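Below is one structure; the comments refer to it alone.
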Number of protein chains: 2
Amino acid sequence: MAFVKDQSAGYLANHIARLFARGLAARIKPLGLTTGTFPALLELWEKDGLTQKDLVARLDIEQATMANTLARMERDGLIVRRKDASDGRKQRVWLTERARGLQGPAIEAAIAENADALSGLTEEERRQFVSLMRKVIETSKPEETPHQPGGAIISG
Amino acid sequence: MAFVKDQSAGYLANHIARLFARGLAARIKPLGLTTGTFPALLELWEKDGLTQKDLVARLDIEQATMANTLARMERDGLIVRRKDASDGRKQRVWLTERARGLQGPAIEAAIAENADALSGLTEEERRQFVSLMRKVIETSKPEETPHQPGGAIISG
DNA sequence: AACATATCCATAGCAGGCTATTTAACATTG
DNA sequence: CAATGTTAAATAGCCTGCTATGGATATGTT
């Protein structure tokens, strides 16, 4: 049974993700941020007033995970949550001034971490790496009907 | 501030790792295994009687994380821990029969998950992907003195 | 209007990762 | 040998992820 961990994509992916997370965590700790808030912050910096459901739809994160993350973010003064006026089930998420002020430094930190982590690759290799990761992520997307290369035949 | 998450290696790495973990978790759940035990099991299938410290040295995992993982593994009947005869601080880790019996199916599951996750890539792309991940991991290895390209000059 | 259903979010409980600290055993040294 | 230091593992406490379940608010149907 040939299984060499250093040739297993899953094993390596896990390892790499931990390396990135450690690195980024160290860089944003001085900002009072943790890694888990990053995805939500990126969406909210782009457009806030989103509902939790909107965030879940944009990020491949479970609803419960997002609920917990948002709770920590609110506790830490990054967001406030207010009920939607016309639908009491929805909680709209708004950034605080503090969170807005962190956009620049936080993104700088992420860019620096990426640069460092990829510093052993050539420019071409970095492009390949990112492109391959995107392709792998695309592969495991059942939501969208896989686009039919030949066209036509779908089901009778 | 140009930061596009789908072009950020760290972001993508995190996403990919979660996809692999979800997939593998589903496959090994019927075996009564969880993903966190995998690295330790791979080492122990190779050679058991290792100490916790040995495992930590072989895997890029913190000591406390390993201690917790081993505790769960013992609870679940995958390993037993016995004090080293000549050094009472060391706990040697031994696989149970149950854990030995799981080697085949568990590795099959991992191979299947890798195959599925990479099914959107060509053979050549898969090789590239694995090789690039290895390179990135190598980059963040401070432990080993970076091998001196020119030779000579190290410190006076 | 009442009841069933669907939707949105929160909560419970666990795995697995981390840092920091504690405990136990061994090693060193005055 | 006693004090001090070092090493191996365990524990505390947190964050981030998951599944499963519950609670509250709409929505639809009779």
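Bear in mind the structure is a predicted one, so any value in this text is a computation, not a measurement. Each chain gets a letter, A, B and so on, in the order its sequence line appears, and its residues count up from 1.
Remark: B:Arg89 engages B:Asp87 in a salt bridge (charged side-chain N to carboxylate O under 4.0 Å, His left out) (not counting sequence neighbours). In terms of the side-chain contact (heavy atoms from CB on, under 4.5 Å) criterion, residue partners of A:Asp54 (sequence neighbours excluded) are, by chain and number, A:Leu50, A:Thr51, A:Arg58, A:Arg92. With sequence neighbours left out, the side chain to side chain donor-acceptor pair (under 3.5 Å) criterion links B:Arg134 to no other residue. By the side chain to side chain donor-acceptor pair (under 3.5 Å) test, B:Glu46 pairs with no residue at all, sequence neighbours left out. Residues satisfying the side chain to side chain donor-acceptor pair (under 3.5 Å) test with A:Lys135, not counting sequence neighbours, are B:Glu125. When the salt bridge (charged side-chain N to carboxylate O under 4.0 Å, His left out) test is applied to B:Arg81, the partners found at least two apart in sequence or on another chain are B:Glu74.
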Below 3.5 Å is the cut-off: list the nitrogen or oxygen pairs between protein and nucleotides 14-16 of chain D, distance only.
| residue | atom | partner | partner atom | Å |
| --- | --- | --- | --- | --- |
| D:dC15 | OP1 | A:Arg75 | NH1 | 3.4 |
| D:dC15 | OP1 | A:Arg75 | NH2 | 2.8 |
| D:dT16 | OP1 | A:Thr34 | OG1 | 2.6 |
| D:dT16 | OP1 | A:Thr35 | N | 3.1 |
| D:dT16 | OP1 | A:Gly36 | N | 2.5 |
| D:dT16 | OP2 | A:Thr34 | OG1 | 3.3 |
| D:dT16 | OP2 | A:Arg72 | NE | 2.7 |
| D:dT16 | OP2 | A:Arg72 | NH2 | 2.2 |
| D:dT16 | O5' | A:Arg72 | NH2 | 3.3 |

Could you go over nucleotides 20-25 of chain C and give all protein N or O partners under 3.5 Å, atom names and distances?
| residue | atom | partner | partner atom | Å |
| --- | --- | --- | --- | --- |
| C:dA25 | O3' | B:Gly88 | N | 3.4 |

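At whole-Å resolution of the value, CG in B:Leu70 and C1' in C:dG16 are 13 Å apart. As a whole-Å value, the separation of A:Gln91 CD from D:dA24 C1' is 11 Å. Look at CG on B:Asp84: it is 17 Å from P on D:dT7, rounded to the nearest Å.
Interface residues of residues 46-57 of chain A facing DNA chain D, ordered by number: none; criterion, heavy-atom separation under 4.0 Å. Within residues 20-27 of chain A, no residue approaches DNA chain D, by heavy-atom distance under 4.0 Å.
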With a 3.5 Å cut-off and sequence neighbours excluded, list the donor-acceptor pairs that the side chains of residues 33-44 of chain B form with protein atoms.
| residue | atom | partner | partner atom | Å |
| --- | --- | --- | --- | --- |
| B:Thr37 | OG1 | B:Thr34 | O | 2.8 |
| B:Glu43 | OE2 | A:Lys5 | NZ | 3.0 |

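The pair A:Arg100-A:Asp48 meets the salt-bridge criterion, with a side-chain N (NZ, NE, NH1 or NH2) lying under 4.0 Å from an Asp/Glu carboxylate O.
Within the hydrophobic cluster formed by Ile, Leu, Val, Met, Phe, Trp and Tyr side chains joined at under 4.5 Å, directly or through other members, A:Trp94 is accompanied by A:Val80.
Among the candidates A:Lys90, A:Gln91, A:Gln63, the single residue satisfying the side chain to side chain donor-acceptor pair (under 3.5 Å) test with A:Gln52 is A:Gln63.
Residue contacts shown for B:Arg92 are absent, as no nucleic acid heavy atom lies under 4.0 Å away.
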